[in-house]
Structures are given as C-alpha cells and as structure tokens.
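The figures that follow rest on heavy atoms only: side chains count, while hydrogens, waters and symmetry mates do not. All values derive from a computational prediction rather than experimental measurement.
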Amino acid sequence: MADYPFSIRLRVMLIVAFAVTGILASGYLLTRYYLQSEIQEVSYQQLNIVGESLKTMIVEMMKSGADDQALEAAYAHVAEKQPAVLSLRVLHGHAVNRQFGVHKNELAETDLERRGLESRNPLMEEQSSDGGQQTAFIYPLFAEQVCLSCHQAKIGESLGIVSLRLDSSGVHEKIEDEKTELLLLSLLETLLLLLLLLWTLNRLVFYPLVRLGEGANTMASGDLSSDIEGEARTELGVVVQSFNHMAAKIRSLLGDQERVIEEQTLELTHLMETSQHIGSEQPLPEVLSQFSITLTDVLKVTTCRILMLDDNDTLDMTVEHPIRPISEQSPPSGNRDSCPHLWEVIRLNDYIHIHSDDPVSEAERALLRLDQAESALCMPIANKGRVFGVVVLSEFRSHERDPIDMRKIQLCRALVSQMGVAIEMAKLYERLVEQMMETVLAMAESVEKKSPWTAGHSRRVTGYAVLLAEALGWSGERLEELRIAGLLHDLGKIAVPGSILNKQGRLSEEEYNIIKRHPEDGAQILSKIRMLHPHVPIIRYHHEWFNGNGYPAGLRGDEIPIGARIMAVADAFDAMTADRPYRKGLVAEQAIMRLEEAAGTQFDPELVKVFKGCHCQL
C-alpha cells in the first residue's frame, strides 16, 4: 500500500480523535461533579440518622432520671466507641437557659453552632485542618410532649442542639479513589470508542478505497481472477461493483482461452496421476476401479466399463463406474461370435466408435449399454502388443450436449495405454505375492513336518482365530491379515531342534528357553519381507500374557495387539485339544474350562467369553 505525506485517513483519524476526546472529557467532568454531590447528599442523610438516634438516646435517658453527669458519660462513651467522632456536645437552647441559667460548657463555640441554635434544619460543614478533613454537624432538638415534664417550654420550641465533629478523611479518600477510577474508566471508554470509530471508518471507507487501488494494480499486472470486496449499498460499494463488472467483462473475453488451458492442464494432471498406478502394490481389481473412476471424471461420459479377456477368450465385465445412478444389469459377457465389433477392436488393437442405431447383436448391445446409451467408445487395453481387455465409454446424453469427439478419443487412448502397463505390472505383482506366500507357507509346513504331533496345528489355529475374529465383527483385509498370521505364527520353530519338539517328557529350562525364542525368531524372519510387515506384531506377541507374565516383551492388557490376543486363545485351545507325546488331548469343553480359569491372567477375559460363545461352531 502506498504512503502519502498527509493522507485523508490521517486527517479523519485526528478529527475523530479530538471530537471523541472532547465529548468524553466533558462527560467525565460532569460525572465527577455529580458523583461528589451525591456522596455529600448521602453523608448528610446518614448524619441525620445519627442525630435522630442521639436525640432518642438523650430523651430516653432523661425520662429514666439521668443527671448531667450520666449524660456527659454517655456522650463520652459514644465518642470513645466511634473512632470517627472527634467531639460530641449538647448545647442548651433559649428555653433551657431561661429555666436553669447559662452554663459555660454549654455555650456555642463556633459560628455553625450559633447558627444551629437558630436553625430548624440540620447543618453540615466541611472543614480542613492539619490532621485532615473534618465534618461539623449540627442537629437541632425541639420540645416534644415528653420533654414538657422536665422543661418549661412550648412544643416545637428549640431546646438545644447536638454538635458533632467527625473525622471525614476516610470519606474524602474514598471520593478521591472513586474519582481516579472514574478517570481511568473514562480513558478506557475513550480508547475503546476511538478504536470502534476508527475500525468502522477503516471498514466502510478506507478498506474499500485500498482494495479498489489494489484491484486496479492487480488488473494492470494482468490478474483478473478475483473481484474486489465491497458493500453494494454504499457509495463506495457502487464504485467497487462497477469496477468488478468491468473486470468481469474483460474476464469473459479471455475465458475461452483460460478454459482451454485449464482443461489441458487437468488432462496432464490426470495423466500423471494415472501413471502412479504403474508399479503400485494395489490389487488388480482396485487398479481397474481407480482407472474407471479417472476415465469417467476426465472424459465426462455417463459410464465407464472395463471388460477383461479371460483364458477362454471371453470378455467379462469386471468394473463399471457411472457418473450418476443408472439402471443396474446382471454382469454381461461376450465371446468372439456374439460380439464381432469388440473382437475387431481386440484383433486390430485399435478403437471403434459405435452408435445406438448401428447394427449390433444383443449380447454386444448389453456389453456396450447401447440399450440406453446414444453411443459407445471401445478402446483396447494392451501392452507390448498383448490385449488384456476393452474399455467401453458409454454416453447416455445426446451428441449435441457433450459428444465423444476426437479430443476425448486421443485423451482416452493416452490414459488406456498407461492402464495396459499398470495391468501388466499388477499381474506381475500378484504372481510375485503368490510365489512369496507359497514359499513362506512351505516354510511353515516344513516346521510342522518336523514333528508328527504338530501336523495341521497352524491351520487349526488359523480356523479358531478366524472364527473368534468373525464373532468380534472382523472382515475384509483385517481378517485376511489374521488368517495369514495364523498360518505363520509358529514359523520361528524352524530354528528349534526336532529333538525338543518331539520330546515326550518335560522340557528342561534350557530347552524351554529355546522354545520361547520362536515368536521373536518368526517375527525377525517375516520382517525381512515388506508385504508381511502387518502380520509381524501378531506373530511376535502371541505368547504374551494378559497379566504381563508372558514373553518375549512382557506386555500386558491392551498393550498386546488384539490380533495377538486372539491368536493366543486359538493357539492354547488347539494345544490343549491336540494329542501330544506325553498326554492325550482334552475334549473341547474341558479346554474351554481351562481357558476360563486362565482368563484375566494368561488370556483376555472378553475374548475367552466370546470364544466360549463360538463353542457350538468348533
């Protein structure tokens, strides 16, 4: 934003600041004066109450026959009990002087007391002294009916006054504190109001002006991508809206060119994304599904089907992805005789564009969805001259709306060519996985063949573990991981000598320590194979105990992976029900009772409970 020597913003801010400060300063002074007047009024009312209380006390004491000494003692007691009372005197009025004469101690000493003897209203006067602020208060006493029994006076005639002198330093300090707080509050209000006004000015005036200037500079640099923000109902807002309208007109002139560039960029992006499927470790169905979604979204057709060619020269619909809900079909298929157009695509390894009114067989019409579609583009999926299948892009809409033109055909060819490479790589990866799993399973079977007593143990344990996991709601990939881990859970016993595995008596401590190494040995073997990493924790920890007394890591409770806890229950159940060289296997009911006895110590009690519920399926 540009800087100006003395901008409009600075001038407006100064004017607003002076105006607000003047208004709030005036309010502060008026409030201060009003506060002081109110406090004085409250003090006057409170002192009236004190005077009335003293008058009542004097009358009651005189009715009870108290003499002057008793009254003086009462006055002194009041002054002693009230730290703020500096002096308390009761002066006689004219009526009492006529009756008893004038006493020296009862003469008026100050002008206020002399005026009080003549006044019918209480008087209050603030005084300053070296000791601080003082308040003198005069409360007149008038003759009432009860007073006539002792004094020769008329009702309503002045009998004297109560003269109080109080230390009001605390009150004045309180007033000064209130004034200070009021000053701070006024300063805070001034600051907040200034901020609010300046924010409002900035939001409604300065901000639109700055945005307008920035927008003009942005347009001058060639960026027309966004409008300028502004209130349409203000004068500046109208200017901003007009500016935006002008920018929109310019954008519309360049829109076609930008759309072409955007489409080409999007197509390049999808080509790059599609290339990422090549060499990925995803299963083939998932690779095909991702390709169908990409083709539908990029080419903007109604639906995309992928027909894969099997070993019997039959085209089967493997994947379909519609851009919107369409009617379902039973999975169609076709062969060389029923689908001549599709076989021409396979033979020539080139595309063909078929319309709904072309002569097409019923089987082929179903595969191409021409019973509903206006047209279909068939593109072969091939790599190095080998055709794997056909991509079918069906368009349900009319040709005028979004036809399958040459640009779509070229883009489809580019994407499908990458699909052929990805399919080839996926098939190679599947074969590699199958071979590796066959190798690992062969290793696991070799462990069982070391001892006739453990034959079939891994498969039975896997069956029990899967049964328990299914009862827990497991499915899909998670269940498959558990199944593989079950088959491989004793792989580490490949390092255990057969003499130990087949020993008919009790194992020695040294032999038992060798056996205890098999979970860790099996985990280390499988950790070398990256695709088997998810199974390693189950194999490593399937001999951990729920109370932490297991091996190899001494894990407890939820620290043990849930798969390992499931495997522990299944492994123990098969170990108890299978025959061994040194004992006969238990029946299932006895084995479950043993599991329940060890629930909470060796086994997860919740899993034992669920496994017991699966008893009827064992």
Which atom of [X] lies closest to which atom of [Y], heavy atoms considered:
{"X": "L315", "Y": "G389", "result": "CD2-CA, 4.5 Å"}
{"X": "T296", "Y": "T302", "result": "CG2-O, 4.3 Å"}
{"X": "A564", "Y": "P537", "result": "CB-O, 4.2 Å"}
{"X": "V319", "Y": "S289", "result": "CG1-CA, 3.9 Å"}
{"X": "A414", "Y": "S417", "result": "O-OG, 2.6 Å"}
{"X": "F546", "Y": "P605", "result": "CE2-CD, 3.7 Å"}

request  = Taking the six-membered ring for Trp and the full ring for Phe, Tyr or His, determine whether the centres of H355 and H353 are under 6.0 Å apart.
outcome  = yes

Is the ring centre of Y464 less than 6.0 Å from the ring centre of F573?
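When the ring centroids of Y464 and F573 are compared, they turn out to be within the sub-6.0 Å range.
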
Measure the spacing between [atom1] of [X] and [atom2] of [Y] and express it to the nearest 0.5 Å.
{"X": "R365", "Y": "L370", "atom1": "CZ", "atom2": "CG", "result": "5.5 Å"}
{"X": "R460", "Y": "D574", "atom1": "CZ", "atom2": "CG", "result": "4.0 Å"}
{"X": "T462", "Y": "H489", "atom1": "OG1", "atom2": "NE2", "result": "7.0 Å"}
{"X": "H535", "Y": "L488", "atom1": "NE2", "atom2": "CG", "result": "7.5 Å"}
{"X": "L288", "Y": "R305", "atom1": "CG", "atom2": "CZ", "result": "14.5 Å"}
{"X": "T303", "Y": "H321", "atom1": "OG1", "atom2": "NE2", "result": "8.0 Å"}

request  = Would you sort out whether L507 and I515 count as a side-chain contact (heavy atoms from CB on, under 4.5 Å), showing the intermediate values?
outcome  = CA-CA 9 Å; L507 297 177; I515 285 286; 4.0 Å; yes

Answer yes or no: is there a donor N or O on one side and an acceptor on the other, between the side chain of [X] and the main chain of [Y], under 3.5 Å?
{"X": "H533", "Y": "S527", "answer": "yes"}
{"X": "N335", "Y": "S338", "answer": "yes"}
{"X": "T577", "Y": "A588", "answer": "no"}
{"X": "T314", "Y": "D310", "answer": "no"}
{"X": "D316", "Y": "T318", "answer": "no"}

Report task. Check the pair L309, F388 against side-chain contact (heavy atoms from CB on, under 4.5 Å), reporting the backbone distance first and the verdict last. Result -> CA-CA 6 Å; L309 191 64; F388 301 107; over 6 Å; no

ask   = Can M576 and Q590 be said to form a side-chain contact (heavy atoms from CB on, under 4.5 Å), step by step?
value = CA-CA 9 Å; M576 288 188 287; Q590 291 176 315; over 6 Å; no

Is there a side-chain contact between [X] and [Y] (heavy atoms, below 4.5 Å)?
{"X": "L479", "Y": "V466", "answer": "yes"}
{"X": "P497", "Y": "I514", "answer": "yes"}
{"X": "I354", "Y": "V360", "answer": "yes"}
{"X": "M379", "Y": "V390", "answer": "no"}
{"X": "Y541", "Y": "E559", "answer": "no"}
{"X": "V392", "Y": "S394", "answer": "yes"}
{"X": "V461", "Y": "L487", "answer": "no"}
{"X": "L482", "Y": "M567", "answer": "yes"}

Can you list the steps and then say if C412 with L377 is a side-chain contact (heavy atoms from CB on, under 4.5 Å)?
-> CA-CA 9 Å; C412 180; L377 174 65; 4.2 Å; yes

More than 12 heavy atoms of other residues, nucleotides or ligands under 6.0 Å from CG of D357: is that the case?
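Atom CG in D357 is crowded, with more than 12 foreign heavy atoms closer than 6.0 Å.
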
| said: Is it the case that atom OH in Y351 sees more than 12 heavy atoms from other parts of the structure closer than 6.0 Å? | reply: no

Looking at [Y] and [X], is there a salt bridge between them, counting it only when a charged N and a carboxylate O are closer than 4.0 Å?
{"X": "K609", "Y": "E596", "answer": "no"}
{"X": "R347", "Y": "E344", "answer": "yes"}
{"X": "D350", "Y": "R413", "answer": "yes"}
{"X": "R565", "Y": "D604", "answer": "yes"}

Pair H542-H518, ring-ring contact (aromatic ring centres under 6.0 Å, His included): steps then yes or no: CA-CA 11 Å; H542 76 278; H518 83 272; 5.6 Å; yes

Would you please say whether a donor-acceptor pair under 3.5 Å links the side chains of [X] and [Y]?
{"X": "S375", "Y": "E395", "result": "no"}
{"X": "D571", "Y": "H457", "result": "yes"}
{"X": "H341", "Y": "E364", "result": "yes"}

